Novice: 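Mind looking over this structure? Questions follow.
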Amino acid sequence: MTFLVTMLLVGRTVQTAVRRNLCRPFSASKNYLHERKGLVLGVFEDEGEEGRLHLTEAAAHFNQSVSGRLSELLQISGPKLKKGKSRIFYGIHKDFPCVAVVGLGKNDAGVCGAENWDTSKESIRQGMAAGCQLLQELELNTVEVDGCGDAQSAAEGATLGLFHFDQLKSKKKTKVSLQLHGSADAEGWEKGITYAEGQNLARLLMEAPANHMTPTAFANIIEEKLAPHAQRVTINKRPQNWIKEQQMGAFLSVSKGSEEPPVFLELHYNGSPDGKQPPLLLVGKGITFDSGGISLKPSPSMDAMRADMGGAATVCASIVTAAALKLPVNIIGLAPLCENMPSGKATKPGDVVTAKNGKTIQVDNTDAEGRLILADALCYGHSFNPRAIVNVATLTGAMDVALGSAATGVFTNSNWLWEQLHKASVVTGDRVWRMPLFQHYTKQVTDSQLADLNNIGKYSRSGGACTAAAFLREFVTAPHWAHLDIAGVMSNKDEIPYLRKGMSGRPTRTLVEFAASLAHDG
Ligand SMILES: *[C@@H]1O[C@H](CO)[C@@H](O)[C@H](O)[C@H]1NC(C)=O
Ligand SMILES: [Zn+2]
């Protein structure tokens, strides 16, 4: 695991060095590298005249600089360029031997009430991702990207689109360095890069195999990522004996089946200029591998359970991003990290364990372990008097059945918190959808033969995402709490066009945007 950590950190340098060596025989001068530069430009669909293209400002400027060759070539290659479709033109500009032109759809689409996102921003993310991926396939080292009038979205699309987890492969995709084309909105561009790098960090943590991404390795990587922000950040990697002292019996009951020691990771980001401001508390489920325990999962797709720490990954990546953005807000992050494994020491169905707040839990299904580790983390988190609590977890398969990968399910006792999260998600396009916290579900988890609570609902499969949320609520007394079930959005096949296949790192950007909005609210 140390090997991986090192590799992740130095990967860029090593790759660059290798590439330079490989290039040397082919090029007498630096010219060869210089020539491997690409450009991605956007084109809108014109509202009025059928088939007429409407170039972005940068594309129009480029068209001028090549005496109209760009619009000529676009006409020749077919006058229409539908949203997400692209063309590559070779040799039309001396600085850019390869130019990818991507369709962005209608210019003034804006926020769509039915879709709950900003269609323009999504189109720009999608378009710039597609263009950058094409140029990456051509093994270009440097790509300049059209800001498309929204440099943040362009940077997000480009950075998210290029991410690919190949740290453990000998053959790697070309490392592309991105630059904003022209000088428009450099600040928005940088912000977009930071947001997307945050999500990419979460993707990396989730995608990495469980034998590399152990609780200890996870905590070490987050520590290293936060090292540049040491002035505003404190990190505690709480070991097993601390967890015992804290009487986190529910968390311990999950971790004890594994040989891998648990870690309770605690991050404090102090960004508020007024140090006394109550913190935002983020809590992430950190099961680095979920076999199901004695209630063993079926073998097919069990490998995906390396990403069962997606809550911890998105929460910690959000805090790394908040620190990079220097958001003027205080955030505390908690991540109970452990494996859920079957063994002679593992918790058995029907066992009763005691959580930190004294409530007893009958564990009828050892695969419903996320709610157990979160229960103790939520109890502990209340001691910081947070202004809001948001916990994030790949909690239930039922969440995936309900909404699929379209949106994160939000269960909350606070309309204010719902509105903040929803507003943030419209901006990022990484959507949320409100789910119920009815007493109806509470009754189904408080009906236990042996204990105060049962860790699965009375009618097991029915409303599984909702009974899990009702269970967590038993460990919450704060007025502004939200539980985000991210099981449905954990991985991407091809649903989100600007993310390649793999673990998604969702909804990191929504969490960051939400934290940023709290900062502005003061
Ligand atoms: C591209 O530039 C040429 C020459 O300056 C101009 O005639 C043409 O209208 C431009 N095309 C577009 C779509 O703006
Ligand atoms: Zn499980």
Side-chain angles (χ1 to χ4, degrees), residues 41-81 87 89 92-93 99 101-104 107 146 210 250-251 253-258 262 284-299 301-312 336-342 346-349 361 363-375 393-401 455-457 460-461 464-465 467-468 471-472 485-488 490:
L41 294 171
V43 181
F44 295 108
E45 266 172 51
D46 206 287
E47 300 273 354
E49 275 175 73
E50 183 64 21
R52 235 184 89 91
L53 295 172
H54 176 74
L55 302 183
T56 62
E57 212 178 298
H61 194 261
F62 183 86
N63 177 46
Q64 292 296 332
S65 77
V66 294
S67 322
R69 271 300 271 163
L70 180 69
S71 62
E72 252 175 64
L73 285 168
L74 279 168
Q75 285 300 325
I76 293 167
S77 58
K80 282 188 185 169
L81 194 55
R87 310 257 186 274
F89 301 124
I92 58 169
H93 193 288
V99 177
V101 182
V102 193
L104 298 174
N107 188 7
D146 185 347
F251 179 25
S253 79
V254 177
S255 70
K256 71 182 188 153
S258 172
K285 171 184 172 185
I287 298 290
T288 59
F289 187 74
D290 184 13
S291 68
I294 298 296
S295 311
L296 195 64
K297 287 176 185 290
S299 305
S301 306
M302 202 202 270
D303 72 286
M305 287 300 106
R306 66 182 182 276
D308 207 21
M309 30 57 81
L337 296 156
C338 72
E339 290 183 343
N340 183 25
M341 296 290 279
T347 294
K348 305 165 289 297
I361 306 162
V363 181
D364 272 353
N365 189 321
T366 65
D367 195 13
E369 82 296 340
R371 64 199 73 180
L372 298 176
I373 69 171
L374 289 172
T394 50
L395 206 63
T396 64
M399 192 66 241
D400 183 39
V401 172
N455 83 323
I456 45 166
S460 67
R461 282 159 47 88
T467 50
F471 180 94
L472 291 178
D485 193 335
I486 59 167
M490 179 181 86

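Read the numbers this way: they start at 1 and go in the same order the structure lists the ligands and their atoms. Counting begins at 1 with the first residue of the sequence. What you are looking at is a predicted structure, and each value in this text was computed from that prediction instead of being measured.
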Novice: If you look at every heavy atom in M490 and A304, which pair is closest and at what distance?
Specialist: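 Taking every non-hydrogen atom into account, CE-O, 3.8 Å.
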Novice: Which pair of non-hydrogen atoms, one from L296 and one from P342, has the smallest distance, and what is that distance?
Specialist: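 Of all heavy-atom pairs spanning L296 and P342, the closest is CD1-CG, 4.0 Å.
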Novice: When you check the side-chain N and O atoms of T396 and D485, is any donor under 3.5 Å from an acceptor?
Specialist: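 Checked: T396/D485 side chains pair up, N/O donor to acceptor below 3.5 Å.
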Novice: Taking NZ, NE, NH1 and NH2 as the nitrogens, is one of them in E45 or K80 under 4.0 Å from a carboxylate oxygen of the other?
Specialist: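 Here E45 does not pair with K80 in a salt bridge, since their nearest N and O are not under 4.0 Å apart.
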Novice: Within the structure provided, determine whether V254 and T347 are in side-chain contact (heavy-atom separation under 4.5 Å).
Specialist: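 With C-beta onward as the side chain, the pair stays apart.
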Novice: Hey, is atom 11 (N) of ligand 1 under 4.0 Å from any protein heavy atom?
Specialist: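 Under 4.0 Å from atom 11 (N) of ligand 1, at least one protein heavy atom found.
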Novice: Among protein heavy atoms, which lies nearest atom 5 (O) of ligand 1, and at what distance?
Specialist: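 Atom 5 (O) of ligand 1 sits closest to the protein heavy atom Q64 OE1, 3.3 Å.
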Novice: With the Zn ion (ligand 2) as the reference point, give the N/O/S atom of D290 that is nearest.
Specialist: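 Looking only at N, O and S atoms of D290, the one nearest the Zn ion (ligand 2) is named OD2.
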Novice: Regarding atom 6 (C) of ligand 1: of the candidates L55, N63, V43, which has the closest heavy atom?
Specialist: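 It is N63 whose heavy atom sits nearest to atom 6 (C) of ligand 1.
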Novice: What do you reckon, does S67 have a nitrogen or oxygen under 3.5 Å from a nitrogen or oxygen of ligand 1?
Specialist: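 Such a contact does not occur with ligand 1.
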Novice: With the Zn ion (ligand 2) at the center, what angle do OD1 from D367 and OE1 from E369 span, rounded to 10 degrees?
Specialist: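 D367 OD1 and E369 OE1 form an angle of 120° at the Zn ion (ligand 2).
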Novice: Under 4.0 Å from any heavy atom of G68, which atoms of ligand 1 are there?
Specialist: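 Listed by number with element, the hits are 1 (C), 2 (O), 3 (C), 4 (C).
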Novice: Of the non-hydrogen atoms in I373 and C338, which two are nearest, and what is the gap between them?
Specialist: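 It is CG2-SG, 4.4 Å.
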